[in-house]
Amino acid sequence: MIKQLFRSCIFLLVLNAALSSCSNNGVVKESSTADKMGRFPEKGDMIMLTDRPPQLETPLNIFQQDITPNDYFFVRWHLSQILTKIDIDTFRLYIGGAVDKPIAISMKDLKSKYPADSVIALAICSGNSRSTFSPRVPSGQWGNGAMGNAKWKGVKLKTILEAAGIKKGAIEVTFQGMDKGPLPDIPVFVKSLSIDHALDGEVLIAYEMNGQDIPMLNGYPLKLVVPGWYATYWVGSLNTIKVLTDTFKGFWMTKAYQVVNNAEANESPDSPAKVTVPVSHIKLNSIFILPEPHQPVAYGQPCHVEGLAFNDGTGIKKVEVSVDSGKNWMETTLNPEISKYSWRRWKYEWVPKTIGINHLMVRATDNNGFTQTSKQWNRGGYAKGFIEQLDVKVK
Amino acid sequence: MLKKTQFIFIATLCCLFLVLHSCTQQKQPDIAKPADENPNTFTVKGSVREIFINHDEPDFPEAEGKEIFTSTCTMCHTLRYISIQPNFPHKTWEAEVNKMITKFHAPIDSVRAGKIVNYLVTIKGVKQ
């Protein structure tokens with residue numbers, strides 16, 4: 001009996017030591033996954049890039065769903081004083097500038113007095129996948145998770161602009177949210193669209209995302225939705241729209257989000273282009289979702305390969321996969337189109353026939369016949385469209 | 001059936017285990033809090049909605065210029081902007097700090113800017 005008691009005593013002490021050492025394993029800062037995953041208001045576990053202002057990336061496995069849930073939708077703000085409190089009863093959307101009658105619309109009126117419209121569209125940060133550029137580019141080091149596909153409901157921008165009456169000579173429209181810089185001299189976040197784009201009947205002032213209010217971190221109460229264009233134009237916590245009769249020269253249109261003006265958004269690090277333009281249309285791109293990175297697969301066994309391809313609404317003609325570093329390309333099966341401005345899912349069944357690291361690649365071809373190339377770089381790390389490689393270990 | 005003395009002995013051992021374990025738990029440094037202990041909140045009261053986001057700054061290595069780096073950069077943004085970056089050459093860090101001054105109008109004089117660049121090169125530099 002005494003022996004048994006001693007045994008249990010030793011067992012308990014060993015167990016205690018084991019438990020303590022386990023809980024001490026998480027101490028390493030910055031390198032542990034737990035420290036990078038952050039739980040934010042109205043959000044699930046997101047990959048945290050920054051918290052002031054918040055920049056949160058969607059974990060890759062969420063992209064196995066065609067529609068990205070609100071609580072996993074990526075977050076990207078520029079200025080630290082983001083909107084954190086609002087009384088929706090006193091909120092107004094202001095439309096002014098070169099209009100016949102400046103108006104202030106309440107949320108209630110916006111929802112009840114103007115016809116509703118909706119679109120399923122991909123929102124993607126201009127800097128999505130920046131961390132994959134070589135050489136590396138400073139700024140937000142996003143993986144592939146600064147994007148999401150959602151159903152947006154609201155009122156056409158055209159409808160609201162026409163309600164205010166556009167004056168002759170109007171050429172641009174600006175959009176400003178309620179976020180502010182920490183110091184007064186920091187340029188406020190204002191974006192602009194040409195008047196023709198603003199009136200094309202596709203740009204939406206959204207008050208709903210996937211059938212719910214837009215999360216605060218995604219731009220509650222209103223978010224501009226610009227289908228086919230990078231999310232830098234999708235201004236969140238939107239409350240001010242101005243019609244202009246001259247060209248808008250604000251910082252966020254003329255200094256920031258500038259990219260070389262060619263189809264591939266490609267320039268050389270050694271001789272960067274002299275002329276740049278604001279980033280605009282979503283570039284053709286394709287990514288892997290499955291197999292998940294670092295997930296080994298079995299030799300000779302069927303392996304399900306899956307991913308997404310997308311562009312600015314031009315549409316995807318085909319997506320091809322290579323399992324031998326780009327020597328041979330096999331056409332994948334495309335899922336039916338979700339909508340013109342959604343991503344398109346592709347699938348491929350692969351039977352690995354080489355033990356060791358296999359270099360998988362994916363490339364998309366758009367409906368104009370343009371195919372992704374392997375070489376692209378630009379100084380801002382914007383509009384990623386080069387061919388992605390996924391290294392898969394076959395055992 | 002256990003004898004009374006044996007029962008007391010086992011009970012004491014169990015208590016000792018619990019006390020020892022809770023002590024080691026308290027001693028450990030702060031690690032990322034699990035989601036249900038997170039101070040970040042979202043509240044709706046009638047027509048008013050509000051979020052609260054807790055900020056904490058990551059640790060940075062001790063080196064010359066750390067004080068100026070932390071006190072200056074945190075005026076506008078979290079230092080996580082720097083934690084997430086890979087290593088860059090001197091000219092890239094210099095361009096980044098200059099961008100803050102010329103484009104974002106951060107009030108940083110050239111002496112402080114130089115010290116910040118040197119600190120960044122010390123902790124996240126590469127040879128050119």
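Just so it is clear: chains get the letters A, B, ... in the order the sequence lines come, proteins before strands, and each one is counted from 1.
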Pairing residues for A/Y72 by the side chain to side chain donor-acceptor pair (under 3.5 Å) criterion, not counting sequence neighbours | none

Checked A/K255, A/M107, A/E42, A/M216 vs chain B; the most non-hydrogen pairs under 4.5 Å come from A/E42

Answer with side chain, backbone, both or neither: which region of A/T90 has an atom nearer than 4.5 Å to a non-hydrogen atom of chain B?
-> neither

With only heavy atoms counted, which part of A/W77 is less than 4.5 Å from chain B, the side chain, the backbone, both or neither?
-> backbone

Counting distance only, does the side-chain N/O of B/H105 pair as donor-acceptor with the main-chain N or O of A/D185 below 3.5 Å?
-> yes

Pairwise distance CG(B/N54) to CZ(A/R52) - rounded to 0.5 angstrom | 12.0 Å

Got more than 12 heavy atoms from elsewhere within 6.0 Å of NZ, A/K180?
-> no

Should A/P182 and B/M75 count as side-chain neighbours, where that means a heavy-atom distance under 4.5 Å?
-> no

Would a distance-only check, ignoring hydrogens and angles, find a side-chain to backbone donor-acceptor pair under 3.5 Å from B/R80 to A/L49?
-> no

Flag side-chain contact, heavy atom, 4.5 Å: A/P41 against B/T41 | no

Which one, A/P138, A/P187, A/A256, A/S80, leads in non-hydrogen pairs under 4.5 Å with chain B?
-> A/P138

Please assess B/I53 against A/I82 for the test side-chain contact (heavy atoms from CB on, under 4.5 Å), listing each intermediate value before the final yes or no.
-> CA-CA 10 Å; B/I53 300 170; A/I82 64 165; 4.2 Å; yes

Under 4.5 Å to a heavy atom of chain A? For B/Y81 that would be both

Contacting region of B/E96 [heavy-atom separation from chain A under 4.5 Å] = side chain

Segment of A/Q81 engaging chain B (4.5 angstrom heavy-atom cut-off) = neither

Got a second to check how far A/L79's CG is from B/H77's NE2, nearest 0.5 Å?
-> 11.5 Å

With a 4.5 angstrom heavy-atom cut-off, could you sort out which part of A/P54 is near chain B: side chain, backbone, both or neither?
-> side chain

Is it the side chain or the backbone of A/Y220 that comes within 4.5 Å of chain B heavy atoms, both, or neither?
-> side chain

Residue part contacting chain B, namely of A/I88, when any heavy atom lies under 4.5 Å | both

Salt bridge (charged side-chain N to carboxylate O under 4.0 Å, His left out): pairs with one or both residues in residues 128-140 of chain A, sequence neighbours excluded | none

So which part of B/T74 gets closer than 4.5 Å to some heavy atom of chain A, the side chain, the backbone, both or neither?
-> both

What do the steps show when you test B/R49 against A/D213 for salt bridge (charged side-chain N to carboxylate O under 4.0 Å, His left out), and what is the final call?
-> CA-CA 11 Å; B/R49 56 182 70 190; A/D213 288 337; 2.8 Å; yes

Specify which of B/C76, B/G46, B/P107, B/A95 makes the most heavy-atom pairs with chain A at under 4.5 Å.
-> B/C76

To the nearest 0.5 Å, how far apart are CD in B/E50 and CG in A/L83?
-> 10.0 Å

Tell me, with the steps shown, if B/V48 and A/I86 meet side-chain contact (heavy atoms from CB on, under 4.5 Å).
-> CA-CA 6 Å; B/V48 179; A/I86 185 168; over 6 Å; no

Pair B/F104 + A/F251: ring centers closer than 6.0 Å | yes

If you count heavy-atom pairs under 4.5 Å between each of B/I84, B/L79, B/I51 and chain A, which one has the most?
-> B/I51

